[in-house]
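Order of the sequence lines fixes the chain letters, A, B, ..., with proteins taken first and strands second; residue numbering starts at 1 for each chain. Keep in mind it's a predicted model, so treat the numbers as computed, not measured. Side chains are part of it too, since the values below use all heavy atoms of this structure and drop only hydrogens, waters and symmetry mates.
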Amino acid sequence: MKLWTQFFIPTLKESPADAEIASHKLLVRAGLVRKLGGGLYTYLPLGQRVMQKITRICREEMDRAGGIELWMPHVHPAELWEQGPRWAAAREIMFRADSAGDGKRAGKDPEFVLGPTHEEVITPLVKAEITSYRDLPKNFYQIATKFRNEIRPRYGLMRAREFVMMDAYSFDTNDDNAVKSYFAMKAAYESFFRRLGITAIAVEADTGVMGGSFSHEFMVPAEVGDDDIIYCEESGYAANREKATSALVPADLADAAPAGAIEEFATPGVVTIAALEAAPYAVPADRQFKTLVYVGDGKPFLVVLRGNDELEGQTGALSFTVVRPATAEEIEPVLGAKPGSLGAVRGTIRNPDALAGVFADHAIRLVGNGVTGANKDGFHLRNVNVTRDLAITRFGDFRRVRPGEPCPKSGRPLQSRRGIEVGHIFKLGTKYSDKYGAVYTDDQKQSHPMVMGCYGIGISRTLQAIIEQSHDADGIIWPWHAAPFQVLICVLDPQLPEAMELVTKLGHAAEQAGAEVLVDDRAERPGVKFKDADLIGLPLRLTIGGKGLKEGIVELKWRTEKEARKIPLAEAEALIAAEIKKAVSGQ
RNA sequence: CGGGGCGUAGCUUAGCCUGGUAGAGCGCCUGGUUUGGGACCAGGAGGUCGCAGGUUCGAAUCCUGCCGCCCCGACCA
């Protein structure tokens, strides 16, 4: 039992000016966190208790799924990352920890970095320590602070520079076993979120800079989420928009036959899809080939889309580490024209050998014969045929899927909604084990790279996602197992000895039944206490007041319910215990 | 890093355009009256007006630079 007056719960009547979304406001108003700087937060006692709840459940689920807990340093030698496969991409978000003292010894390159994640630490460890198939599989995890210099921290704990994450790394002898490890973790994640009392759905996701073969994100549906989820209720298909595909292009679509010889025509001043759609050219956007130039790891490449399609995010399907749009200065020497007149027609590209490839979205096959830039300023080509004329290295999914397009599984229209990414699992393959030489010897004395998976849960982000998903106009509504305390005893007259005696009695009964109890013993008016009770949102509230004592009752009220129940003092202990036991066991 | 907005007491803010004693509400302290959904009265403490320079007799207010924060975009758990 904890007395409010001997604890520290600084609640606020007004929302801080820098909080935009409900969960962020409530985090601060309910006294869970305070901001130190952009993306940096102190967890106040109440917030810290929730963190411990989430952490404990996470640990239990990881252990149950065969995870082995360890602890890795947060300060990493930069050299370790330099040897890894993604130094170039990762250093953008890594804090440097160069040297101590006045910084005069600091070099141009960091000596140390703060760990944003730990593949670069765990893989060399496993390489050194595990060499036999007899010691596999293994799945190591830790629950620890991560550091990422997010370009734009946002929404409180939602995207912070310093945050708490559970990160796990699995090592298997072969692909089949790695898939088993992957799905064991997926099940553990589902159990974790279910126990916390929030809805998190697994969606197919892009592997991004992490690399690897496939991946799922766990999304908490919320309007304020950073991600778009594309889903189909009928088939259960769900994917991050970056990864989503649709059945827009029928599997049996025949290649279009050429419509005639390519003709060049003058389009002075026309540098946009829209301008080409307008008179006098009148070429609909979906009859145009759009040619985009990007630079992947220093080498330019082309992406060809329909004129009315958009490139989706980065090009996770391609195996570049760092991708950025090409500048006009880079484009002209390679293609022969400025942006606006570009195309991928064979023979028109000035320096095709400079290109790392020409990647085309499947949907351009729907165009069949269309119009594209001539790689000659002020000119376009018509009757360009996909198969005959375009110099395509390979096809892929590069376009952004739009809601309403047919589901790849059911063919029904896809829907879209926003979500908060609270967890991510990747089947990595051998990207890191190859790089660091993490190999084992099998029973035939053969050496093989270990097949890895990696897994993350944003613990601190989950805290906020719970609030975002579970609150009302008055405050937070904690699910039982995430709550900092489960029971709040509101003593309206703490100066009455008989009131405090009853608090002790009921408090013990509640604790015996498995609840943690907070007692509001402040000398405040009832209104203040009730407002704060709703704000901090503990699941069960017991109200003890002078009036009730005279009547011989206490009040029991669930945060989720509107009305309080009056229960006779004689039955109070037993009834409270019964209610709590129900809640502990999951209603 | 591009675009937009904002920095005044612990919190929410007025004042800035049009330069002239820095104001309110909440919170805090003291006393009193109250006490079942953010009470009232009286008194009180608390402010380098983000920082630095400039213009001016005089700057929270005008100008310049810097810093910080928030929002939108590209990235992430």
Side-chain angles (χ1 to χ4, degrees), chain A residues 10-21 24-25 28-29 31 34-40 58 89-90 92-93 116-117 143-168 189 200 205-210 215 217-220 224-227 240 242 311-314 316 322-325 419-426 454-465 474-475 490-495 523-535 541 543-551 555 557 564 566:
Chain A
T11 58
L12 261 33
K13 279 191 191 174
E14 283 171 297
S15 296
D18 58 10
E20 189 82 1
I21 66 171
H24 184 192
K25 291 176 182 170
V28 180
R29 284 192 56 210
R34 286 294 184 265
K35 183 168 75 178
L36 178 65
L40 301 171
C58 183
E92 302 289 320
I93 58 146
T117 169
I143 299 174
T145 304
K146 294 283 177 284
F147 301 88
R148 294 186 191 174
N149 194 6
E150 293 292 345
I151 299 160
R152 184 154 88 85
R154 212 150 86 101
Y155 293 158
L157 304 180
M158 209 75 106
R159 196 189 316 175
R161 290 198 161 104
E162 183 181 323
F163 59 98
V164 178
M165 178 165 120
M166 186 291 300
D167 50 321
Y189 272 44
D206 196 48
T207 50
V209 71
M210 197 64 84
S215 134
E217 282 172 348
F218 284 77
M219 296 286 204
V220 172
V224 301
D226 278 352
D227 295 85
N240 188 306
E242 289 168 22
L311 180 67
E312 177 49 76
Q314 291 298 341
V322 181
V323 173
R324 61 168 174 85
I420 301 165
E421 183 188 353
V422 286
H424 206 153
I425 57 180
F426 298 87
C454 73
Y455 317 89
I457 290 177
I459 301 288
S460 40
R461 181 183 283 182
T462 298
L463 188 167
Q464 188 167 349
D474 294 316
C490 247
V491 209
L492 302 186
D493 303 280
Q495 76 286 355
E524 288 286 355
R525 295 165 57 85
V528 174
K529 295 192 172 202
F530 291 141
K531 286 289 183 188
D532 272 348
D534 288 342
L535 180 60
R541 187 181 91 194
T543 308
I544 295 173
K547 270 189 191 172
L549 286 179
K550 281 182 195 142
E551 269 182 70
E555 278 172 25
K557 180 182 176 296
K566 294 186 174 186

Counting any heavy atom closer than 4.0 Å, what does [X] reach on the DNA or RNA strands: base, sugar-phosphate only, or nothing?
X	result
M166(A)	nothing
R29(A)	base
P116(A)	nothing
A465(A)	nothing
V528(A)	base

Could you state the atom-to-atom distance from [atom1] of [X] to [atom2] of [N] in whole Å?
X	N	atom1	atom2	value
E217(A)	rC76(B)	CD	P	9 Å
E242(A)	rA77(B)	CD	P	11 Å
I457(A)	rA77(B)	CD1	P	12 Å
D227(A)	rA74(B)	CG	P	11 Å
E92(A)	rC75(B)	CD	C1'	10 Å
I21(A)	rC72(B)	CD1	P	9 Å
E150(A)	rC1(B)	CD	P	15 Å
N240(A)	rC75(B)	CG	P	10 Å

Which nucleotide, if any, forms a Watson-Crick or G-U wobble pair with [N], using both distances under 3.5 Å?
N	value
rG27(B)	none
rC69(B)	rG5(B)
rA52(B)	rU64(B)
rU33(B)	rA39(B)
rU18(B)	none

Between protein and nucleic acid, restricted to nucleotides 31-36 of chain B and to nitrogen or oxygen atoms under 3.5 Å apart, what atom pairs and distances do you find?
unit_1	atom_1	unit_2	atom_2	d
rU34(B)	O2	R525(A)	NH1	2.7
rG36(B)	O6	G548(A)	N	3.3
rG36(B)	N1	E555(A)	OE2	3.1
rG36(B)	N2	E555(A)	OE1	2.3
rG36(B)	N2	E555(A)	OE2	2.6

(request) Evaluate the ring planes of F218(A) and Y189(A), with Trp represented by its six-membered ring, and classify them as parallel (under 30°), tilted (30 to 60°) or perpendicular (over 60°). (result)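 Rings of F218(A) and Y189(A): tilted, as their planes differ by 30° to 60°.
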Could I get a table of every N or O pair under 3.5 Å where one atom is in the protein and the other is in nucleotides 44-52 of chain B?
none

Listing time: all N or O pairs from protein to nucleotides 68-71 of chain B that are below 3.5 Å?
unit_1	atom_1	unit_2	atom_2	d
rC69(B)	OP1	G38(A)	N	2.9
rC69(B)	O3'	K35(A)	NZ	2.9

(request) First locate atom CG of L40(A), then atom CZ of F147(A), and finally report the distance between them rounded to the nearest 0.5 Å. (result)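 The CG atom of L40(A) sits 9.5 Å away from the CZ atom of F147(A).
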(message) If you define the side chain from C-beta out and look only at heavy atoms, does anything of E217(A) sit under 4.5 Å from E242(A)?
(response)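 They are not in contact (no side-chain heavy atoms under 4.5 Å apart), so the answer is no.
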(message) Do L12(A) and E14(A) have side chains that approach each other closer than 4.5 Å (heavy atoms only, starting at C-beta)?
(response)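 L12(A) vs E14(A): side chains apart.
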(message) Taking C490(A)'s backbone N and O only, do any of them form a donor-acceptor pair with T543(A)'s side chain (distance below 3.5 Å, no angle check)?
(response)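 Side chain of T543(A) to backbone of C490(A): no pair is present.
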(message) Just to verify, what does K531(A) make a salt bridge (charged side-chain N to carboxylate O under 4.0 Å, His left out) with, not counting sequence neighbours?
(response)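 None.
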(message) List the residues meeting salt bridge (charged side-chain N to carboxylate O under 4.0 Å, His left out) with D227(A), not counting sequence neighbours, and say none if there are none.
(response)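 D227(A) satisfies salt bridge (charged side-chain N to carboxylate O under 4.0 Å, His left out) with no residue once adjacent residues are dropped.
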Pairs: protein N or O with nucleotides 24-27 of chain B N or O, under 3.5 Å:
unit_1	atom_1	unit_2	atom_2	d
rG25(B)	N2	E14(A)	OE1	3.2
rC26(B)	O3'	K13(A)	NZ	3.2
rG27(B)	OP1	K13(A)	NZ	3.2

